[in-house]
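Since the structure comes first, as structure tokens, the remarks are kept for the end.
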Amino acid sequence: MKKILAMACALLMATSLAACSKPADQPVDNGGDDKPTENQVLKVAAFKGGYGEVWEPLARKFEETHEGVTVELVTSPKLDEELRPQLQAGDYPDVIQYNIGQPSGFTETLIKEDALLDISDVFADPAIKDKLADGFADNAITAPYGDGKTYLAPMFYSPCGLWYNKALFGEGGYALPETWDDMWALGDQLKSENNGVSLFTYPVKGYFDSVLYALLNQAGGDEFYGKALNYDPETWTSEPGKLVLDTIGKLVSEYTAPEASANANSGNFKMNQQAVLDNTVLFMPNGNWIIGEMGDAPRAEGFEWGFMPMPAFEKGGARYSYTFFEQMYVPKEAANPELAKEFIKFMYSDEAIEIMLNNKTEEGAPSIVVQPVKGIVEKLDGDNKLIYSIYETPNTFPALGGFAATDSIEGLELKPVVFGPIDTILEGTTTVDEWQTQLTDAFVKFHAALK
């Protein structure tokens with residue numbers, strides 16, 4: 001976490017806020033003007049993903065600690081599809097948990113429409129401010145307008161990197177690559193062995209976000225990374241930007257499993273992940289949820305999860321791991337905005353954290369949910385402790401944040417422009433030069449449309 005502080009301070013504009021409210025680890029004071037009315041209903045809508053049913057015990061615990069409150073909980077793997085018509089009809093949840101970066105762009109649309117409530121006061125509360133890991137409340141994702149105000153609460157964080165089977169590396173196995181030259185050498189070795197094993201795959205379209213962010217930070221440093229997240233038109237024609245594109249292009253066109261693109265959809269993505277478990281692919285980008293998501297899947301004998309940051313560009317160079325986190329927010333049209341803020345505070349409480357760390361999938365496999373709070377690594381063990389300790393290893397740093405919010409541009413969407421060509425590069429219908437041109441043209445327009 002100390003390294004996260006150092007990197008975040010260099011990368012992002014710090015926010016200075018002052019407020020005072022009840023500590024998150026204690027029930028809300030039900031006296032005075034803020035006393036909830038009896039049988040007050042808090043509507044919570046949350047994405048149902050690889051973490052299983054963690055929301056149900058969280059909702060019930062919030063009810064226990066907040067007298068007179070009933071949580072009306074809705075979870076769905078297609079939350080955006082279900083919420084969109086409701087919002088259009090004026091029926092708003094009080095709290096929504098749905099992260100940016102999804103194909104629908106649901107949350108991004110709400111950001112562009114200025115439909116989210118300023119929740120800076122939540123993170124000005126000393127009980128939250130002092131507990132939250134540094135850099136998480138004041139980055140380009142949580143503070144998307146660059147106005148020093150927080151609109152999205154950081155939830156459920158995970159270092160993202162390359163996952164592999166430890167049993168295949170080390171004595172008597174492959175050498176774990178430290179640089180991209182090492183990666184290419186390993187890929188060439190696999191080709192020469194001609195045993196049907198590929199170097200790399202990716203789960204679904206767009207899953208290169210963690211790779212791209214890490215490599216941008218790694219190639220150009222903090223200042224370059226910050227400018228790139230704000231669509232500096234020279235990003236992709238610069239030496240660091242071209243290095244990033246060439247690296248991804250080579251990884252995809254020369255060393256990625258050919259079936260990856262066909263399987264890279266919401267229905268078949270587990271087939272690409274299964275390839276790592278079957279030892280037919282060595283590496284894939286992902287977050288810690290992969291452990292629970294594939295908990296019951298068959299695997300090669302002796303399989304053991306391994307995890308590493310992106311390879312360095314040169315021997316002894318910096319290596320980065322993108323820190324992914326999901327988001328929770330309050331719509332401006334929420335009926336109970338103050339109670340919604342109390343729910344967000346509750347999510348950082350010791351009671352909530354205990355529920356998350358003991359979470360399991362619907363099948364009963366452990367699937368811990370980790371909040372970005374100080375000292376959380378000490379509460380972990382086994383593979384999870386190894387994963388979350390990644391920033392404590394030499395020359396390994398976090399990349400935080402994401403592309404800044406812009407006004408809507410007709411006929412132009414960020415994710416298809418940035419990540420869409422990766423699939424077609426794999427398929428052989430797009431070149432890296434064409435991708436570079438497309439990105440450069442788009443960044444000129446995005447930069448002009450910055451909020």
Side-chain angles (χ1 to χ4, degrees), residues 1 4 23-28 42 44-66 69 71 73-77 79 95-99 119 122-123 125 127-128 130-134 136-137 141-142 152-160 286-295 305 307 323-329 340-391:
M1 290 296 103
I4 289 182
D25 290 329
Q26 300 179 27
V28 173
L42 179 73
V44 177
F47 177 70
K48 183 179 180 180
Y51 292 127
E53 298 294 344
V54 69
W55 290 104
E56 184 64 28
L58 287 171
R60 303 294 78 84
K61 178 59 71 172
F62 185 76
E63 291 174 340
E64 288 179 20
T65 56
H66 293 71
V69 174
V71 176
L73 177 65
V74 174
T75 64
S76 172
L79 188 69
V95 179
I96 298 175
Q97 186 273 314
Y98 192 79
N99 57 291
I119 56 173
V122 169
F123 299 97
D125 181 341
I128 304 300
D130 295 341
K131 191 170 189 176
L132 193 69
D134 301 303
F136 277 91
I141 293 177
T142 55
L152 298 97
M155 299 279 162
F156 310 166
Y157 92 104
S158 172
C160 294
N286 225 308
N288 75 309
W289 52 86
I290 187 67
I291 296 175
E293 196 168 67
M294 303 300 287
W305 284 116
F307 178 71
T323 300
F324 172 86
F325 58 88
E326 301 185 31
Q327 303 88 41
M328 175 179 285
Y329 46 88
K341 292 178 184 179
E342 290 300 329
F343 186 80
I344 292 175
K345 290 182 182 181
F346 162 76
M347 292 293 291
Y348 302 107
S349 69
D350 290 342
E351 296 94 334
I353 289 170
E354 183 178 0
I355 290 171
M356 296 180 208
L357 293 182
N358 288 284
N359 182 56
K360 295 182 179 180
T361 65
E362 293 178 353
E363 295 76 21
S367 182
I368 71 166
V369 184
V370 183
Q371 286 289 66
V373 296
K374 296 172 182 175
I376 195 69
V377 175
E378 283 69 36
K379 298 179 182 292
L380 307 178
D381 55 23
D383 286 339
N384 287 302
K385 191 174 186 67
L386 173 67
I387 294 162
Y388 282 89
S389 299
I390 189 171
Y391 302 125

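We number each residue from 1, following the sequence as shown. Hydrogens, waters and symmetry mates play no part in the numbers below; they use all other heavy atoms, side chains included.
Taking the six-membered ring for Trp and the full ring otherwise, the centers of W289 and F324 sit less than 6.0 Å from each other. For F325 and F156, the ring centers sit 6.0 Å or farther from each other.
Residues S76 and Y98 fail the side-chain proximity criterion, which asks for heavy atoms closer than 4.5 Å. Counting heavy atoms from C-beta outward, E351 and E64 have side chains that stay 4.5 Å or more apart. Annotation: side chain of V44 is not in contact with side chain of T75 (no heavy-atom distance under 4.5 Å). In this structure the side chain of V95 reaches within 4.5 angstrom of the side chain of M328, judged on heavy atoms. Here the side chains of N384 and V370 are not in contact, with every heavy-atom distance at 4.5 Å or above. Taking the side chain as every heavy atom from C-beta outward, D134 and K374 approach each other to under 4.5 Å. In this structure, I344 and Y329 have side chains that are not in contact, with every pair of non-hydrogen atoms separated by 4.5 Å or more.
Between Y388 and Y157, the ring planes lie perpendicular to each other; the angle is over 60°, past the 30° to 60° tilted range. Relative ring orientation between F343 and F346 is described as tilted, the plane-to-plane angle lying within the 30° to 60° band.
Classification of E56 and R60 as a salt-bridged pair holds, one side-chain N sitting under 4.0 Å from a carboxylate O. Comment: K131 engages D350 in a salt bridge, judged by a side-chain N to carboxylate O separation of less than 4.0 angstrom. Taking 4.0 Å as the cut-off between side-chain N and carboxylate O, K48 and E53 count as a salt-bridged pair.
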Practice problem: Show your reasoning for whether side-chain contact (heavy atoms from CB on, under 4.5 Å) applies to F62 and L58. | Solution: CA-CA 6 Å; F62 185 76; L58 287 171; over 6 Å; no
Exercise. Take E326 and Q97 through the test side chain to side chain donor-acceptor pair (under 3.5 Å) and record every step on the way to the result.
Key: CA-CA 8 Å; E326 301 185 31; Q97 186 273 314; 2.7 Å; yes
Exercise. Test side-chain contact (heavy atoms from CB on, under 4.5 Å) on K61 and I355 and set out the steps.
Key: CA-CA 9 Å; K61 178 59 71 172; I355 290 171; 3.7 Å; yes
Exercise. May I have the step-by-step check of side-chain contact (heavy atoms from CB on, under 4.5 Å) for F307 and N288, ending in yes or no?
Key: CA-CA 9 Å; F307 178 71; N288 75 309; over 6 Å; no
Quiz prompt | Trace of the side-chain contact (heavy atoms from CB on, under 4.5 Å) decision for L380 with L386 | solution = CA-CA 9 Å; L380 307 178; L386 173 67; over 6 Å; no
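V377 and S389 make their closest contact through CG1-OG, 3.4 Å (heavy atoms, listed as atom of the first residue, atom of the second, distance). Across every non-hydrogen atom of L73 and A59, the tightest pair is CD2-CB, 4.2 Å. The two residues F47 and L79 come nearest to each other via the heavy atoms N-CD2, 3.6 Å. Closest heavy-atom contact between S367 and N359: O-ND2, 2.8 Å. Between P366 and K360, the shortest heavy-atom contact is CA-CG, 4.1 Å. Heavy atoms only, all atoms of each residue included: G287 and C160 are closest at CA-SG, 4.1 Å.
Between the side chain of Q327 and the backbone N or O of I141 there is no donor-acceptor pair closer than 3.5 Å.
For the atom pair CD1 of I119 and NZ of K341, the computed distance is 8.0 Å after rounding to the nearest 0.5 Å. With rounding to the nearest 0.5 Å, the separation of CG in N286 from OG in S158 is 8.0 Å. Atoms NZ and CD1, on K379 and I353 in that order, are 6.5 Å from each other to the nearest 0.5 Å.
Enclosure of atom CD in E354 is not indicated, since only 12 or fewer non-hydrogen atoms of other residues, nucleotides or ligands lie within 6.0 angstrom.
Of the options T323, T142, V373, a side chain to side chain contact (heavy atoms under 4.5 Å, CB included) to F136 is made by T323 and by none of the others.
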